[in-house]
Amino acid sequence: MSMGTRMFFALLAGVARTLMNVVVGKEWHGLEKLPRDEGFIVVPNHCTEIDPIVVGHLLYNQNIMPYFLAKDGLFKTPVLGAVLRGANQIPVERSGAGAGKSLVAAQTVLDGGGAVVIYPEGTLTRDPELWPMKGRTGAARLALGTGAKVIPVVHWGAQEVFPRYAKGFKIFPRKRVKVVVGDPIDLSEFDGHAADKATLEAMTEVIMAAITVMLEELRGAKAPTVRWDPAAHQQSSHGRFVERGSAGHGGPDASSTPDVSNTHDAGTTETGDLQ
């Protein structure tokens with residue numbers, strides 16, 4: 001990372017950390033499990049749009065520079081795009097000739113001893129109760145190609161500050177956000193395997209299972225036995241599936257969607273994927 005980028009990130013982190021310390025109380029566990037002097041992959045759960053601030057705060061406070069993979073469209077927005085580019089974060093093209101460039105950039109970060117943060121779900125969970133849903137294979141592909149350690153990080157509480165797809169923050173009363181760092185996920189059974197669809201999907205399920213178990217312990221509850229699959233509910237695998245701040249049902253067959261009361265969310269689960 002260049003000196004200019006490092007200074008920009010330090011300024012950005014200073015603002016973000018100050019705001020987070022004011023708005024929420026934090027409780028961090030397992031910090032000793034973060035690798036030192038080597039590159040590694042961080043795989044968090046994804047239940048609110050402020051997840052990156054929560055995870056980035058924890059990593060940066062341990063003198064670990066986080067590099068997030070974020071959809072390329074965010075890099076084109078006037079303000080957020082300038083921030084992401086200035087902080088040298090990694091854009092992800094979901095399709096086309098540039099789809100693999102993000103993994104090349106991520107491998108460069110890992111080779112340099114940095115931490116790459118990949119949300120294996122690919123987008124905010126669609127699960128009505130915010131449990132981890134079916135994962136995508138980007139984290140598995142990077143892990144298989146680099147041999148880097150995969151560190152699960154789960155958090156709970158941030159969704160009370162900024163509910164999924166909300167229009168604003170809910171800062172009163174002051175919330176507490178708990179974050180837990182887990183042991184490296186054992187993916188040794190896949191050593192030497194080709195990066196074929198079956199291998200990557202199997203690795204992804206191991207990753208999602210590890211995250212889910214940790215989140216169950218953190219929340220003190222059991223996740224559904226069947227992981228939420230957007231395709232099975234006629235939902236797109238990326239983009240918003242409810243209007244921001246919406247609390248109503250929508251989509252072509254919303255009448256068949258259970259009416260789940262959810263105090264953690266900005267709205268109920270939608271069958272349609274409104275983008």
Side-chain angles (χ1 to χ4, degrees), residues 33-35 39-52 54-56 58-59 66-72 74 89-94 99-100 102-103 105-107 109-110 115-127 129-156 158-159 164 179-190 193 195-216 218 223-224 226-232 235-239 241:
K33 297 178 181 179
L34 291 169
F40 61 98
I41 301 166
V42 177
V43 286
N45 61 309
H46 202 7
C47 60
T48 169
E49 287 152 305
I50 65 170
D51 287 351
V54 172
V55 176
L58 178 142
L59 292 173
Y67 293 81
F68 289 84
L69 272 73
K71 59 184 179 181
D72 61 331
L74 295 177
Q89 300 303 289
I90 304 171
V92 177
E93 294 184 36
R94 295 189 184 277
S102 58
L103 294 182
Q107 181 160 357
V109 170
L110 293 172
V116 174
V117 184
I118 304 181
Y119 288 93
E121 294 165 271
T123 190
L124 292 173
T125 180
R126 277 85 164 93
D127 184 273
E129 293 294 331
L130 305 183
W131 290 106
M133 65 176 181
K134 182 179 179 180
R136 298 170 68 85
T137 59
R141 186 181 298 276
L142 184 60
L144 188 63
T146 63
K149 291 179 180 178
V150 178
I151 307 297
V153 174
V154 299
H155 57 87
W156 192 244
Q159 78 288 341
R164 181 177 54 179
V179 189
V180 179
V181 179
D183 293 313
I185 299 174
D186 184 4
L187 298 171
S188 59
E189 64 180 289
F190 303 103
H193 285 216
D196 55 67
K197 184 174 184 288
T199 296
L200 295 176
E201 288 184 346
M203 290 179 69
T204 299
E205 180 52 34
V206 171
I207 291 170
M208 296 312 303
I211 294 171
T212 301
V213 168
M214 286 178 60
L215 192 58
E216 286 180 330
L218 180 57
V226 177
R227 204 177 312 286
W228 186 272
D229 183 353
Q235 296 172 333
S236 170
S237 60
H238 59 272
F241 69 105

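Please read all numbers here as calculations on a predicted model, not as lab measurements.
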Verdict with supporting geometry, T125 and D127, side chain to side chain donor-acceptor pair (under 3.5 Å): CA-CA 5 Å; T125 180; D127 184 273; 5.4 Å; no
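- Within the 4.5 Å cutoff, side-chain heavy atoms of I118 are placed close to those of L142.
- Side-chain contact between P66 and Q89 is absent, with no heavy atoms from C-beta onward closer than 4.5 Å.
- Taken from CG in L187 to OG1 in T199, the straight-line distance is 11.5 Å, to the nearest 0.5 Å.
- Looking only at side-chain heavy atoms (C-beta outward), K197 and E201 come within less than 4.5 Å of each other.
- Residue G182 comes nearest to I151 through the heavy atom pair O-CG2, 3.6 Å, listed as atom of the first residue, atom of the second, then distance.
- Residue I90 comes nearest to Y67 through the heavy atom pair CD1-CB, 4.2 Å, listed as atom of the first residue, atom of the second, then distance.
- Looking at I211 and P120, their side chains come closer than 4.5 Å, going by heavy atoms from C-beta outward.
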Trace of the side-chain contact (heavy atoms from CB on, under 4.5 Å) decision for Y119 with L69: CA-CA 8 Å; Y119 288 93; L69 272 73; over 6 Å; no
Evaluation steps, side-chain contact (heavy atoms from CB on, under 4.5 Å), between Q159 and L130: CA-CA 9 Å; Q159 78 288 341; L130 305 183; 3.7 Å; yes
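- Evaluation of the salt bridge (Lys or Arg N to Asp or Glu O under 4.0 Å) rule for E189 yields no partner, not counting sequence neighbours.
- Looking only at side-chain heavy atoms (C-beta outward), R126 and E121 stay at 4.5 Å or farther from each other.
- In this structure the side chain of D196 never reaches within 4.5 angstrom of the side chain of L200, judged on heavy atoms.
- By the side-chain hydrogen bond (donor to acceptor under 3.5 Å, both in side chains) test, T146 pairs with no residue at all, sequence neighbours left out.
- Inter-residue side-chain proximity for L59 and L34 is flagged as met; some heavy-atom pair is nearer than 4.5 Å.
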Derivation of the side-chain contact (heavy atoms from CB on, under 4.5 Å) call for V92 and D72: CA-CA 5 Å; V92 177; D72 61 331; 6.0 Å; no
CA sep, side-chain torsions, deciding dist, call: T48, D51, side chain to side chain donor-acceptor pair (under 3.5 Å): CA-CA 6 Å; T48 169; D51 287 351; 4.8 Å; no
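- The nearest pair of heavy atoms linking A148 to G39 is CB-O, 4.1 Å.
- Here the CE-CG distance, from M133 to D229, works out to 9.0 Å after rounding to the nearest 0.5 Å.
- Taking both residues in full, the closest heavy atoms of A115 and V109 are given as N-CG1, 4.1 Å, listed atom of the first, atom of the second, then distance.
- Here L110 contributes atom CG and K149 contributes atom NZ; the two are 13.0 Å apart, rounded to the nearest 0.5 Å.
- Every residue two or more places apart in sequence or in another chain that forms a side-chain contact (heavy atoms from CB on, under 4.5 Å) with A223 is listed here: W131, T212, E216.
- Residues W156 and V179 fail the side-chain proximity criterion, which asks for heavy atoms closer than 4.5 Å.
- For the pair H155 (side chain) and N45 (backbone), a donor-acceptor distance under 3.5 Å is present.
- Here the shortest heavy-atom pairing between E205 and R227 reads OE2-NH2, 2.6 Å.
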CA sep, side-chain torsions, deciding dist, call: R141, T204, side-chain contact (heavy atoms from CB on, under 4.5 Å): CA-CA 9 Å; R141 186 181 298 276; T204 299; over 6 Å; no
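- Taking every heavy atom of both residues into account, S236 and P230 meet most closely at O-CB, 3.9 Å.
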